[in-house]
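Inspection log for the structure reproduced underneath, given as structure tokens.
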Amino acid sequence: MKEIVLVKYGEMALKGLNKKTFEDMLTKNIKRRLKSLGSFVCTSAQSTLYIDPQSDDIDLADVVDRVGKIFGIAALCRACVCEKDFADIAEKAAEYCGDILSTSKTFKVTAKRSDKAFPMKSPQICAELGGILLEKFPNLSVDVNQPEVTVTVEIRDTNAYVHAENIKGAGGLPVGSSGKAMLLLSGGIDSPVAGYMMAKRGVHIAAIHYVSPPYTSDRAQLKVEQLCQKLTDYCGGIAFYCVPFTELQEAIKDHCPEEFFTIIMRRLMMEIAQRIAAKDNCLALITGESVGQVASQTMSAIACTDAVCRIPVFRPCVGMDKTEIIEIARKIDTFETSTLPYEDCCTVFTPRHPKVRPVLSDVEKAQNSFDFEPLIQRAVEGTTMKTFNYEA
Ligand code: ATP
Ligand code: MG
């Protein structure tokens, strides 16, 4: 039996005139993601994308697994391809859905007929196929309200399709459809989640990470690269920028009051991030901050950080509890890596008593007592880049 994967668009189905652009982007993302599994023909019609494998040895479970992580998709399912002929549809439905039908108690049939030339109308397809299946599977009874199994028949242009499963898609918008933004990626739990959440809104992610050798180790950087690699399942290709930050942190320590160490460090991170963002056409910054989580994430502290930002800063975790963030981190499989115990540059020279409610003018005064500009420029110049893609 020939099988394909059907993909139903998410909210992009509502995009009116721009729909085609979204559709093309989604198709491109799907093709890229499936490339290493073999050859596929992707066609779209009526807010559905058909992924048709071109050889028998392609495992559709792999296809579903990968496509299930691509943003822009509301639901997906494997479906059996039938002739546009009721006898063929009935025979294949019984066989293709046999396993699940023989182990369930209730079912219903739904039919969608986009080819109005098909001789039977939808209610008739449902009634007749329902009758045939009831006869074949005496364990079943019909429940139109809350059936365990819904057998769906779709009559389309060239073929009919039958399926009995509906898998929830990743939702959101196709990555790339909202432009690009720069994610400040630490080795922690929150920032990978923040990147995932913005990618869900169609944002193509680039990542920037600050290292302070010898205070931070190679392993700490490797851990962040691993996180980057994991994020590509959802975010697609990621340009990863690594910034040498030691000189700046040492200068903060030598020239600024201890209570402002962290806040000034965060302002310098933002400054560097937006310079690199500008070079890479990123229109915003993204961080994993959440209000009140630590001293540098109080509203006053965030205001002091934001004061240096000339582009929007997205903080998708801002209103989430740590437990909620962890739940997502587990789902996207970054949690284990994030909790490996390597130090981040944020934990180098942390003040014993950071200002919880810093006042911007005080912070500016503290920061202006030293000329950081040459060091900022050196850090930008010393920044290295590598790209991560699906399957390293
Ligand atoms: P996370 O779990 O993302 O590390 P956190 O709760 O530990 O967040 P902080 O360490 O204060 O919070 O960092 C706040 C945000 O600053 C992070 O979410 C991240 O976006 C950014 N950040 C922190 N350290 C780095 C770093 N070394 N490189 C890049 N970005 C960083
Ligand atoms: Mg952190």
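When reading the values below, keep in mind they use all heavy atoms of this one structure, side chains included, and skip hydrogens, waters and symmetry mates. Atoms within a ligand are numbered from 1 in the order they appear, just like the ligands themselves.
Between Leu184 and ligand 1, at least one N/O pair is under 3.5 Å apart. An N or O contact shorter than 3.5 Å is missing between Gly187 and ligand 1 by distance. The shortest N or O to N or O distance between Tyr210 and ligand 1 is below 3.5 Å. For the pair Ile189 and ligand 1, the shortest N or O to N or O distance falls below 3.5 Å.
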Would you tabulate the side-chain donor-acceptor contacts of residues 190-203 under 3.5 Å, counting partners in other chains and residues two or more places apart, or write 'none'?
from: Asp190; atom 1: OD1; to: Lys322; atom 2: NZ; distance (Å): 2.9
from: Asp190; atom 1: OD2; to: Gln293; atom 2: NE2; distance (Å): 3.3
from: Asp190; atom 1: OD2; to: Lys322; atom 2: NZ; distance (Å): 3.0
from: Ser191; atom 1: OG; to: Ser186; atom 2: N; distance (Å): 3.0
from: Ser191; atom 1: OG; to: Ser186; atom 2: OG; distance (Å): 3.1
from: Tyr196; atom 1: OH; to: Lys331; atom 2: NZ; distance (Å): 3.0
from: Arg201; atom 1: NH1; to: Glu11; atom 2: OE1; distance (Å): 3.1
from: Arg201; atom 1: NH2; to: Glu11; atom 2: OE2; distance (Å): 3.2

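With contacts defined as side-chain heavy-atom distances shorter than 4.5 Å, the pair Ile189/Ile326 qualifies.
Ring geometry, Phe240 versus Phe388: the interplanar angle exceeds 60°, so the pair is classed perpendicular (tilted spans 30 to 60°).
Of all atoms in ligand 1, listed by their number and element, those nearer than 4.0 Å to a heavy atom of Gly188 are 1 (P), 2 (O), 4 (O). The contact set between ligand 1 and Ile208, taken as ligand atoms under 4.0 Å from a residue heavy atom, comprises 29 (C). Against a heavy-atom cut-off of under 4.0 Å, Thr287 is close to the following atoms of ligand 1: 20 (O). Close approach of ligand 1 to Gln297 is summarised as follows: ligand atoms under 4.0 Å from at least one heavy atom of the residue are 6 (O), 9 (P), 11 (O), 12 (O), 14 (C).
Relative to atom 3 (O) of ligand 1, the option among Gly195, Gly288, Pro192, Ser191 with the closest non-hydrogen atom is Ser191. When Arg266, Arg315, His209 are ranked by how near their heavy atoms come to atom 13 (O) of ligand 1, first place goes to Arg266.
The residues Glu289 and Arg266 are annotated as salt-bridged, a charged nitrogen and a carboxylate oxygen being separated by less than 4.0 angstrom. The residues Asp52 and Lys2 are annotated as salt-bridged, a charged nitrogen and a carboxylate oxygen being separated by less than 4.0 angstrom.
Side-chain atoms of Thr337 do not come within 3.5 Å of backbone N or O of Leu227 as any donor-acceptor pair.
Residue contacts with ligand 1, taken as heavy atom pairs separated by less than 4.0 Å, do not involve Leu183 at all. The backbone and the side chain of Asp190 each have at least one atom closer than 4.0 Å to an atom of ligand 1 (non-hydrogen atoms only).
Grouping the Ile, Leu, Val, Met, Phe, Trp and Tyr side chains by contacts below 4.5 angstrom, directly or via other members, places Phe107 apart from Tyr161.
Among residues at least two apart or in separate chains, ring-ring contact (aromatic ring centres under 6.0 Å, His included) pairs with a member in residues 315-366 are Tyr215-Phe349.
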